[in-house]
2 protein chains.
Amino acid sequence: MAVTIKDVAKRAGVSPSTVSRVLSNHPRISRETTRKVKAIMEEMGYHSNMMARSLVSNKTYTLGMILPRPAEELFQNHFFAENIRGITTQASRNGYDILMTTGHSEQEELAAVTRLVKGKRVDGIILLQSRRNDPIIAFLKHEEFPFILIGHYAQDEEILCVDNDNVQAAYDATQHLIAQGHERIGFVSGPPNLTVSVDRLDGYLRAMHDHGLPMQPEWIVEGEFLQESGYRAMSFFMNLPERPTALVVIDDLVTFGVLRGLTELGFRVPDDLSLVSFNNISLTELSTPPLSSVDIGIYQLGYMASQLLIRQIQGDKPQQNRTIVPHRLIVRESSLNLSSKRS
Amino acid sequence: MAVTIKDVAKRAGVSPSTVSRVLSNHPRISRETTRKVKAIMEEMGYHSNMMARSLVSNKTYTLGMILPRPAEELFQNHFFAENIRGITTQASRNGYDILMTTGHSEQEELAAVTRLVKGKRVDGIILLQSRRNDPIIAFLKHEEFPFILIGHYAQDEEILCVDNDNVQAAYDATQHLIAQGHERIGFVSGPPNLTVSVDRLDGYLRAMHDHGLPMQPEWIVEGEFLQESGYRAMSFFMNLPERPTALVVIDDLVTFGVLRGLTELGFRVPDDLSLVSFNNISLTELSTPPLSSVDIGIYQLGYMASQLLIRQIQGDKPQQNRTIVPHRLIVRESSLNLSSKRS
DNA sequence: TCCGATTGTGCAAACGTTTTAACAAACGAA
DNA sequence: TTCGTTTGTTAAAACGTTTGCACAATCGGA
């Protein structure tokens, strides 16, 4: 039905091989033949059948990824959307498309990945998250299939990944609060089994230590990446006999929970409690007051992941396994202290 | 390298055709053979090569879509993420994956779609938006290639689409404000060339008319789907000699702009101005005050689109071209009037 | 003039499936 | 017993490419 390489060949009076070689810019094809064949391809509206091409060349020019499950709140809408934009944009630029699939459980996800890999549907895989002992990572590593992780995998430093320096990011956030004159600073963390929670807590602790500030164990609260966690943390902190004057919060969404609680109780931000958090989603600047947040370069995380994975597919060994995307603290009203406001 | 159908056949002592038929549950294959072949496939870790399968069967079990360009703010992060979740989930359930590609201009997007269609990479296409005279729609229609539109295309009622009843949604929102005792109600619209803007304005006008309320042309303001538009609309309305007491706003993000402006000027919501908007993104309930918003079922829009497209691919002719996803007004504090609050 | 290298092209096999047509065997009814 | 039907299987062609090998023609230097 559709125009094939043979049709073009016949019309051009050459063999199919020649047409194929024109397509792939083979050096031995003459200027003249190239011109003629290309003209005829144009004229006949030829587009090569990707399935046939993939079958023989064993390349699909497709990167796979699994859609994060709703349960995995680490990846909220904003993160996911920005991230995938980065991934897709860079992939496109290199002639790759993104294949997305999903599973309703860890087991189904593994089955989906297996299907993509063994069924030769993709050339590489981008993983948006990893749990501890991730069977998908184990599988991909065992198959020696190209893949990259956004985030990093504490259990295995050998795998390719793109991540932030979360220790430093939290250090910066904490130091900023200290510079604003705060000494009593609390930390609202995420699930303790996630590297990101561990790293950010670490950065907070280091900053406190480096500036000789007292650390109280009760000023560190764990939670989920949900606003409810923020709400709970807030009420815990505000009921302490000695309240902190500022909080470093693991995620913007959690901070919204803190903020809502504070507003309900009649406390004011930053006057009664200053806040800094992470991710800098677009709504941080819309809230009242606007939230200070560490921009972790979500788009760039995706962009780099695409780029590095494609390089690896094409046989480029990277110097180091882990690539760091720079972060940037965006200071807004939620962490500006009174004196600097009054000045 | 990988295990092929031939390897399985040889090991099972049958022909490749038989193995293929076992794979596709051909009725003529005996119980015994099926059992044996399946066991061997399991044992050898066989997975069929999708490229080869697609090449001959002309089916890819893949749906294509183009990533909305950042410029097209109609599709914000929240919408996009929720929508794609619906699309992918339902696709997966039917054994389809999603292929995502992108282009930096309308022309590139058309080229990308052409590549997917002519290169036989996908079985159908989901379009997340359409401009007027969309060349992509024209192309797909001309090729008679299965596709579905999320939203609808006023120029052509023949194409398959999933949409809300935006007229009724706006009617409901307006009527709610009227029920709260408002008579002076303004409308903040989106770009006038989008169907969604036209429809929602229409619903607003009808509700006002049906309740015998005065309509003032200056109470209708056009803008973009950006918070800046909300900010501008707000300052316009609040500087009128006769201010409205409530606004219907085309989109939540725009409403955040209105809200920020009001807060800056010291106005209070809903006391000085009540607000209702559309889309019900997750942050509407986190803002202060929480925003009333019409939930348009973003996930379900995607879910239905997937489902209907797959049906069409499989040869099921739908009764009607346009499928309506129900909406639901979620009333929150931003539109509850004083009397009902005090009661 | 001859010959080795270079340039341009074609033949045919291969990639891993699906599917049509054919056929053998078993079955059941006359 | 015979013959039409059903059941189970296979051989082989086809899908649209890529690519190793072969070969002819041209070229450039001795």
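Labels below follow one simple rule: chain letters A, B, ... track the order of the sequence lines, proteins then strands, and each chain is numbered from 1.
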### Query
Between B/Thr323 and B/Val162, is there a donor-acceptor pair closer than 3.5 Å when you use the side chain of the first and the backbone of the second?
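The answer is no, because no donor-acceptor pair under 3.5 Å joins these two groups.
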### Query
Has the side chain of A/Ser20 got a donor or acceptor atom that lies under 3.5 Å from a matching backbone atom of A/Pro16?
no
### Message
Under the criterion side-chain contact (heavy atoms from CB on, under 4.5 Å), I'd like the reasoning laid out for B/Arg69 against B/Glu106: C-alpha separation, chi angles, the key distance, then a yes or no.
### Response
CA-CA 9 Å; B/Arg69 281 177 271 146; B/Glu106 189 173 89; 4.0 Å; yes
### Query
Given A/Thr89 and A/Ser92, is the side chain to side chain donor-acceptor pair (under 3.5 Å) satisfied, shown in steps?
CA-CA 5 Å; A/Thr89 302; A/Ser92 262; over 6 Å; no
[X] has an atom [atom1]; how far is it from atom [atom2] of [N], in whole Å?
| X | N | atom1 | atom2 | result |
| --- | --- | --- | --- | --- |
| B/Arg31 | D/dT9 | CZ | P | 13 Å |
| B/Lys10 | D/dT10 | NZ | C1' | 16 Å |
| A/Glu32 | C/dT9 | CD | P | 9 Å |

### Message
What's B/Ser54 touching, base or sugar-phosphate or nothing? Going by heavy atoms closer than 4.0 Å.
### Response
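The residue B/Ser54 makes no contact with any strand.
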### Query
Quick one: is A/Ser30 getting a side-chain N or O under 4.0 Å of the C/dT7 phosphate, OP1 or OP2?
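Indeed not, no polar side-chain atom of A/Ser30 lies that close.
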### C/dG10 phosphate, OP1 or OP2, under 4.0 Å from A/Thr18 side-chain N/O
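Yes.
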Under-3.5 Å N/O pairs linking protein and nucleotides 14-18 of chain C:
unit_1 : atom_1 : unit_2  : atom_2 : d
C/dT17 : OP1    : B/Tyr46 : OH     : 2.8
C/dT17 : OP1    : B/Asn49 : N      : 3.3
C/dT17 : OP2    : B/Ile5  : N      : 2.7
C/dT17 : O5'    : B/Tyr46 : OH     : 3.0
C/dT18 : OP1    : B/Arg53 : NH1    : 3.3
C/dT18 : OP2    : B/Ser20 : OG     : 2.4

### Message
Reading DNA chain D from 5' onward, which residue's closest nucleotide shows up sooner: A/Lys59 or A/Arg28?
### Response
A/Lys59
### Query
If you count the non-hydrogen atoms of other residues, nucleotides and ligands that lie under 6.0 Å from OH in B/Tyr61, is the total more than 12?
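No, because the 6.0 Å sphere around OH of B/Tyr61 holds 12 heavy atoms or fewer from other groups.
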### Task
Compute whether any side-chain donor of one residue and acceptor of the other, for B/Thr33 and B/Arg21, lie under 3.5 angstrom apart.
no
